[in-house]
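A, B, ... follow the sequence lines: proteins, then strands. Residue 1 opens every chain. Worth saying up front: this structure is predicted, and the values here are computed from it rather than measured.
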Amino acid sequence: MNENINTYSKELYKFQEEHGYFTANPNENKPRFTIMIPPPNITGNLHLGHAFTMTMQDIIIRYKRMCGYDTLLLPGTDHASIATQMLVEKDLKTKGIDRKTIGREEFLNHAWQWKNKYTGNIQNQLRQICYSADWSRERFTLDEGLNEAVKEAFVRMYNDGLIYKDKRLVNWDPSLLTSLSDLEVDMIETNGNMWHIRYDIENSDDYIIIATTRPETMLGDTGIAVNPNDERFKHLIGKKAILPILNRKIEIVADDYADMEKGTGAVKITPAHDFNDFEVGKRHNLKIINILHDNATIDTSNIKETNDFIQSLEGKDRFEARKIIIEKLKETNHLIKIENYTHQVPHSQRGGAIVEPRLTEQWYLDVSSMAKKSIDLVKKGKLEFIPKMWENTFFAWLSNIEPWCISRQLWWGHQIPAYYTEDGKIIVAKTKEEAQKQAGENVKLTQDEDVLDTWFSSGLWPMSTLGWPNEDAIDFKTYFPTSSLITGFDIIFFWVARMVMFSVYFTNKAPFEKVICHGLVHDEHGQKMSKTKGNVIDPLDLINEFDIDSVRWTICTLSGQGRNINFGKTNVENGRKFITKLKNAINFWEQKGLSSATKFNTNSSIAITNWIIDKMNLAIKNATKAIENYRYDEYAQTIYHFVWDDFCDNFIELSKSELNGTNKDIILSSAKLVIQNILKMLQPVIPSTTALLWKQLNFGTDTEFLFESYPHEEKILTDNIYDIDWLLQIINVIRNIRAENKIGFKTQINVAFKAINPNMKEYLNTLQNHTNINITIQNNNMTDFVIDKDTTISIEIPNTNKNEELEKIKEELKEIEKHITSLKNQLSNKSFIEKAPTQVIEDRKETLKKLEERKIALEKLNG
RNA sequence: GGGUGAUUAGCUCAGUUGGCUAGAGCAUCUCGUUUACACCGAGAGGGUCGGGAGUUCGAGUCUCUCAUCACCCACCA
């Protein structure tokens, strides 16, 4: 029992993995239950959030395995194109290597090395948390099969006209030198300035003032927009303004985009560097002048109105140029006002560079129709979100979705299967050979340099990992669509929506039946975990400090339905306490001779064994309901209370006085059954501890314990169930009396007792002898060992001389009277009687009756 | 600006379709080593369920409204 559970856990897992216990078998004639891992990025080690989501998956898989399913928990990792490339580049930089000098191929070698290292770490970590995954089916988003799937998907969608190339503004990361999708851009509130700049009107003394947060973009201004209804500027529409410094003449146009309330009401238009301006420019045929290089330094080559000052800006960083231009505007008296201004500025999610809209040619995927289909699928109930509220989020995003920019100017990823002839013709094909065939033997082809957005391949994950595009693959036929997806709500857009869209498009089916969205891990006070706050908890540290099962148990108890999972070490301490408590309880039974217990037999039972079996049945019922509904917290809580309150505090205490008597074996056999079922119910959550106990108690083999069948409710003769709450009351009252030495205490317990209890007399005698307390039975309908329902037991301790208890009785009387009055009022209310369901009325009457009995009893004691 | 969710005991949270005196864990206080367990046991205190209004025989639960907080989406004048 003192074996180090972490060590044991590793050995057990190793054995089970090596013997293929986690391996799915499509040939078995069993129902299927499949979960795909949300593939972790190979950018680092697993964090606590991963531990949560993976443990939740594993719990349900282990549960289903016990329920007789052929389970598949498919593991794998994601190449995480942009994030990984960034880290590999950074890593190379520390070695003094620049990616551009070593070239694409060499760089990819480094990236693969990186991949192998981190995949290894991740695999080990998953094994350490007992993730019972089918490693024979492990996949990586850049492996051969997935490459095949990605190419197939791309070619098909291209041929269907959904994938196309387009030149338009795109979110550009000037640090990583790649395009980004809308989702990869974070708007961050930033303190900045609003500069008011005067633009003079051509051939006039008049002028117009515009406000901007990015004055350097004026180099690319080709117009000014005012609202057509704005009286202030109506007279200027159609006239030309003179751009300061450059003296470029730009047109003043009327456009609804100009908001009269915002800024000065007049807005400068820079079509090459602002999404809205681009649209305005298109409407009014304004020129597009690009003024930035790809790394966001000033590019003067497109500026016709150049001069020495402009020349001096060439190659300067955008923010430096901003300062210089502001100074110049001050000098020339064009700067009217500087305001402090907080606004949302787009930052790259990776690396944090400020994103610039940039005019480039990129590949886009038109997702509008698959988005619609995906929405329908959920609305029709073919795909269910748990909790349901996330469906709204899903709908909201999909119902106004823009074309998805899928190309990235990176090396690490799926290279786009598009080939160009020398005269610029595009051929899209899965292989170069195929493209060559289409182009003709002698045509020189070069493949598109770009790679695909990493989410393109993860979007295909549930299909590609099972063998798609080969729809006859045995795994695909057997395990697709999968059962449940368990993941954090933060990737509903990035990942879930994309998987649904692709799956709907290619198979007309949802890729899973249910999506379970859990909250994100925060610290114990609900604060986000971050390195700067110093509140990050490493799951491996936790496992070392406590143990794997305590951690898994804690994860289970905390996995509620909320948005935040508040996690503190105290939680794990409590988890460990629970497991210790269970071990101690089992230890008690071992000492009492559990090993010699015979098989539990319904026919030979006594009050307390029936009671505990009844409680056990209730626990099994509630636990099953909870886990079936993915209510991990309720699952854990149900078992917790059953083990701690019913099994330990009450059953053991009740049994103690019986264990020397004739009922010993009956009690031991019921204890054995209960322990077995507790271990089984806990196996999905704490697989190692339960397996070890299973072995040590000689219930069976520990390594195969995970295949034991999940407990079912045990049959009891229904007329033989005892309500022994009163017995517990007696025990506790006596303990309390002894504890507080309350001499002169009188109390009375009403018995709602359903049937014969053959041990009654013996039990009471034992208690009397042990405690020197008088126990008398009132309302004496008792013939020897029978207690009727209305029997009242009173306990009395001699030497009445304290009135502390009398005070308490008086207080309770007051409370009861209040309650009785309110119940009586309710029951005499005509509308209540007419409208309330009969069950409710009956319940109220029953309560009233009980209360009145209690009142009489208390009054007697009160004297 | 649009949306979603939250607000219940000192803290962290449960509370299924409205139904008996609103629960748990932790924390606090009192008492206690009795046949496993001090990683323990017995007990106690602590809540006008964010404010207000409405529907109902009955509201923590449904509707409206206000307030505060969190998150998501959109927005670089």
Side-chain angles (χ1 to χ4, degrees), chain A residues 182 187 190 192 194-196 210-214 217 225 257-259 262-269 273-277 341 343-346 354-357 387 389-390 392-393 396-397 400 489-490 492-493 520 524-526 557-558 560-564 566 568 570-571 573-574 576-592 625 629 631 633-634 637 640-641 648-649 652-653 655-657 659-660 731-736 738-741 770-771 815-816 818-819 822-823 826 829-837 839-841 843-844 846-848 850-851:
Chain A
D182 299 343
M187 302 302 278
T190 309
M194 179 86 92
W195 286 278
H196 293 245
I210 58 89
T212 180
T213 56
R214 295 189 297 163
T217 61
Y257 166 65
D259 185 338
K262 259 176 156 177
T264 61
V267 53
K268 69 193 219 31
I269 302 297
H273 298 285
D274 184 287
F275 290 101
N276 290 313
D277 291 8
Y341 190 68
H343 56 143
Q344 304 288 111
V345 179
I354 294 182
V355 168
E356 285 290 340
M389 64 170 174
W390 294 113
N392 292 331
T393 311
W397 189 68
N400 37 51
F489 67 78
D490 54 329
I492 290 178
F493 302 150
L520 306 180
E524 58 213 307
H525 302 295
T557 59
L558 293 178
Q561 305 268 282
R563 283 162 184 256
N564 289 0
N566 294 346
T570 335
N571 299 119
E573 271 165 34
N574 293 329
R576 185 169 59 183
K577 277 187 194 176
F578 170 68
I579 295 174
T580 309
K581 180 80 181 177
L582 176 68
K583 286 192 219 161
N584 282 326
I586 286 173
N587 182 35
F588 168 84
W589 289 106
E590 276 189 290
Q591 286 173 20
K592 296 296 171 192
K625 190 181 159 200
N629 289 315
R631 288 303 305 261
D633 52 342
E634 280 182 14
Q637 211 174 57
Y640 179 93
H641 285 295
C648 295
D649 286 348
I652 288 183
E653 292 311 322
S655 301
K656 280 176 182 171
S657 63
L659 279 168
N660 300 323
I731 290 172
N732 287 338
V733 163
I734 290 168
R735 278 181 168 174
N736 197 27
R738 199 153 48 178
E740 299 186 16
N741 198 20
H770 270 263
T771 56
E815 293 287 314
I816 283 185
K818 248 203 264 175
H819 192 194
S822 96
L823 275 177
Q826 203 173 27
N829 183 337
K830 252 190 196 168
S831 354
F832 174 72
I833 300 294
E834 278 166 19
K835 292 179 183 171
Q839 186 57 49
V840 173
I841 298 172
D843 287 351
R844 299 283 149 99
E846 183 66 22
T847 311
L848 185 60
K850 275 188 186 165
L851 283 173

Fill in the blank from the handout: RNA chain B nearest-nucleotide lookup for A/Arg631 and A/Ile652: closer to the 5′ end is A/Arg631
Exercise for the section: Between A/Thr570 and A/Ala585, name the one whose nearest nucleotide on RNA chain B is closer to the 5' end. Expected result: A/Thr570
Exercise for the section: Give a yes-or-no answer on whether the side chains of A/Ser655 and A/Lys592 include a donor-acceptor pair shorter than 3.5 Å. Expected result: no
Length of the [atom1]-[atom2] vector between [X] and [N], whole Å:
X: A/Ile841; N: B/G18; atom1: CD1; atom2: P; value: 18 Å
X: A/Asn587; N: B/U35; atom1: CG; atom2: C1'; value: 12 Å
X: A/Asn571; N: B/A27; atom1: CG; atom2: P; value: 12 Å
X: A/Phe578; N: B/C39; atom1: CZ; atom2: C1'; value: 13 Å
X: A/Glu815; N: B/G45; atom1: CD; atom2: C1'; value: 14 Å
X: A/Asn574; N: B/A38; atom1: CG; atom2: P; value: 17 Å
X: A/Lys850; N: B/U21; atom1: NZ; atom2: C1'; value: 14 Å
X: A/Gln826; N: B/G19; atom1: CD; atom2: P; value: 13 Å

Using the [atom1] atoms only, state how far [M] lies from [N], rounded to an integer number of Å.
N: B/G51; M: B/C26; atom1: P; value: 28 Å
N: B/C62; M: B/A6; atom1: P; value: 9 Å
N: B/C29; M: B/U68; atom1: C1'; value: 33 Å
N: B/A14; M: B/U8; atom1: C1'; value: 10 Å

Handout entry: Consecutive-pair stems (at least three Watson-Crick or G-U pairs, under 3.5 Å) that include RNA chain B
Key = B:1-7 with B:67-73, B:10-13 with B:23-26, B:28-32 with B:40-44, B:50-54 with B:62-66
Exercise for the section: Please state whether the base of B/C37 and the side chain of A/Lys581 form at least one donor-acceptor pair under 3.5 Å? Expected result: yes
Between N or O atoms, less than 3.5 Å apart, protein on one side and nucleotides 68-71 of chain B on the other: list the pairs.
none

Look for any protein N or O under 3.5 Å of an N or O in nucleotides 75-77 of chain B and output each such pair with its distance, or none.
from: B/C75; atom 1: N4; to: A/Gln344; atom 2: NE2; distance (Å): 2.9
from: B/C76; atom 1: OP1; to: A/Asn276; atom 2: ND2; distance (Å): 2.7
from: B/C76; atom 1: O4'; to: A/Gln344; atom 2: O; distance (Å): 3.2
from: B/C76; atom 1: O2'; to: A/Thr213; atom 2: OG1; distance (Å): 3.2
from: B/C76; atom 1: N4; to: A/Val355; atom 2: O; distance (Å): 2.7
from: B/A77; atom 1: OP1; to: A/Tyr341; atom 2: OH; distance (Å): 3.3
from: B/A77; atom 1: O3'; to: A/Ala211; atom 2: O; distance (Å): 2.8
from: B/A77; atom 1: O3'; to: A/Thr212; atom 2: N; distance (Å): 3.2
from: B/A77; atom 1: O2'; to: A/Gly263; atom 2: N; distance (Å): 3.4
from: B/A77; atom 1: N6; to: A/Tyr257; atom 2: O; distance (Å): 2.8
from: B/A77; atom 1: N6; to: A/Asp259; atom 2: N; distance (Å): 3.0
from: B/A77; atom 1: N1; to: A/Asp259; atom 2: N; distance (Å): 2.9
from: B/A77; atom 1: N1; to: A/Asp259; atom 2: O; distance (Å): 3.4

Exercise for the section: Decide yes or no for A/Ile652 and A/Phe588: does some side-chain heavy atom of the first lie under 4.5 Å from some side-chain heavy atom of the second? Expected result: yes
